[in-house]
There are 2 protein chains.
Amino acid sequence: MADLGTYLRQKRETLRADDPRYSVRQVAARIGVQPSYLSKVERGHEAPPSEATLRRLAEDLDENVDMLLALGGKISSDLAQIIRQRPALFAELIRDLRDLPDHAVLRIVREVRDGNW
Amino acid sequence: MADLGTYLRQKRETLRADDPRYSVRQVAARIGVQPSYLSKVERGHEAPPSEATLRRLAEDLDENVDMLLALGGKISSDLAQIIRQRPALFAELIRDLRDLPDHAVLRIVREVRDGNW
DNA sequence: CCAAGTATGTAGTATGTACTAAACACTAAA
DNA sequence: TTTAGTGTTTAGTACATACTACATACTTGG
């Protein structure tokens, strides 16, 4: 997978192709950071932004928050909290799911959602 | 649930009841920190230690690592990495599991382990 | 009672996180 | 040709994290 900076730049440039509102400066202004900072993040000259800033970026660029956070080396604080509430249980489950293919995990998601538990 | 400091002190004092090697000084020496630091952590006068230090503590006190990390507001880095590899998928699953009772989650763990997927 | 071991108080530090602020250099339109 | 917008460079900052080092005070077995 691409690193955060590369991914952000690519996405922003794509949006910018049909909308000039997606310049570094204007995106930065909308999400509340300095353009110089966003520029550095996109080029990997700066560590990934905070969770709050990544959330605003995800919204502005219409991207999946959990994905952007992951690229920034972070995990959504609401997920972290859920895990911390039952650490041993979730740790066991997640480690067991590490090698399962996507479709198998998705099947579990669906079963849980259907209430078969 | 108790906070990290209280929990650590309780556990250490319990061990110390039949083994003088579990004084603040001696535990601190074994896990490689200053006794003053461990003392402050146990009394909640200091922020939780790093993941590495919590791991050494867990081993010395024979405690569950994921639990101590959770009490310290952290998530094991290996779990974080597993989640970051498939962020959207795991995010969905974990949020769906939030309200499931322990026994239901355990059933999933067992099914995954039995290879019924 | 005193010496050894115990816990704790106070002060300070190195590194990382998450940015800001201002200036600079380029491009294209009016 | 200047001005409005673009991205970038450089320098610096406020706060958090994760401790250390040393001094002080308590406690308990011999």
Side-chain angles (χ1 to χ4, degrees), chain A residues 3-58 60-61 65 68-77 80, chain B residues 3-58 60-61 65 68-77 80:
Chain A
D3 64 302
L4 177 69
T6 307
Y7 189 87
L8 286 176
R9 172 134 302 188
Q10 209 145 71
K11 178 68 190 235
R12 190 183 52 74
E13 288 298 341
T14 302
L15 292 171
R16 202 191 168 204
D18 358 283
D19 190 342
R21 293 176 61 257
Y22 289 94
S23 66
V24 168
R25 286 176 118 90
Q26 296 196 41
V27 170
R30 281 195 299 275
I31 69 170
V33 298
Q34 293 294 318
S36 60
Y37 178 60
L38 181 55
S39 170
K40 277 179 290 187
V41 167
E42 285 189 352
R43 284 171 299 126
H45 290 192
E46 191 76 38
S50 67
E51 176 170 350
T53 297
L54 281 172
R55 284 187 181 283
R56 293 195 301 275
L57 247 179
D60 198 81
L61 303 181
V65 179
L68 279 201
L69 286 172
L71 288 174
K74 318 198 181 222
I75 286 176
S76 181
S77 52
Chain B
D3 65 302
L4 177 69
T6 307
Y7 189 87
L8 286 176
R9 171 137 299 188
Q10 209 146 72
K11 177 69 189 233
R12 191 182 52 71
E13 288 297 340
T14 302
L15 292 171
R16 200 189 171 206
D18 3 279
D19 190 341
R21 293 176 61 258
Y22 289 94
S23 67
V24 168
R25 286 173 117 88
Q26 296 197 40
V27 170
R30 281 196 300 275
I31 70 169
V33 298
Q34 294 294 317
S36 59
Y37 178 59
L38 180 56
S39 170
K40 277 179 289 186
V41 167
E42 285 189 352
R43 286 171 298 124
H45 291 192
E46 191 76 38
S50 67
E51 175 170 350
T53 296
L54 281 172
R55 284 187 181 284
R56 294 195 300 275
L57 248 179
D60 199 80
L61 302 182
V65 180
L68 279 201
L69 286 172
L71 289 174
K74 315 194 185 228
I75 286 177
S76 180
S77 52

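All heavy atoms count here, side chains included; hydrogens, waters and symmetry mates do not. A note on names: the letters A, B, ... follow the listed sequences, proteins ahead of strands, and every chain is numbered from 1.
Looking at residues 8-36 of chain B, you'll see B:Arg9, B:Arg12, B:Arg16, B:Ser23, B:Val24, B:Arg25, B:Gln26, B:Pro35, B:Ser36 sit with a heavy atom under 4.0 Å from some atom of DNA chain C.
In terms of modelled atom types and a separation under 3.5 Å, the side chain of A:Arg56 and the main chain of A:Val33 share no donor-acceptor contact. With A:Arg12 contributing its side chain and A:Tyr22 its backbone, the two residues share a donor-acceptor pair below 3.5 Å. A side-chain donor-acceptor contact under 3.5 Å links A:Glu51 to the backbone of A:Ser77.
Atom CG in A:Leu38 sits about 9 Å away from atom P in D:dT8, given to the nearest Å. Atom CD of A:Glu46 is separated from atom C1' of D:dG12 by 12 Å (rounded to the nearest Å). Rounded to an integer number of Å, the gap from B:Leu4 CG to D:dA18 P is 12 Å.
You can see that DNA chain C meets the heavy atoms of chain B within a 4.0 Å-exclusive cut from C:dT6 to C:dA11, reading 5' to 3'.
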Where do A:Val65 and A:Leu54 land on the side chain to side chain contact (heavy atoms under 4.5 Å, CB included) test, with the steps shown first? CA-CA 7 Å; A:Val65 179; A:Leu54 281 172; over 6 Å; no
Determine, stepwise, if the pair A:Arg21 / A:Leu15 fulfils side chain to side chain contact (heavy atoms under 4.5 Å, CB included).
CA-CA 9 Å; A:Arg21 293 176 61 257; A:Leu15 292 171; over 6 Å; no
Would A:Val41 and A:Thr53 count as a side chain to side chain contact (heavy atoms under 4.5 Å, CB included) here? Give the steps. CA-CA 11 Å; A:Val41 167; A:Thr53 297; over 6 Å; no
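Counting non-hydrogen atoms of other residues, nucleotides and ligands closer than 6.0 Å to CD of A:Glu13 gives a total above 12.
The shortest side-chain heavy-atom distance between A:His45 and A:Ser39 does not fall under the 4.5 Å cut-off.
Remark on DNA chain D: of its neighbouring residues B:Pro49 and A:Lys40, the 5'-side contact belongs to A:Lys40, judged by nearest-heavy-atom nucleotide.
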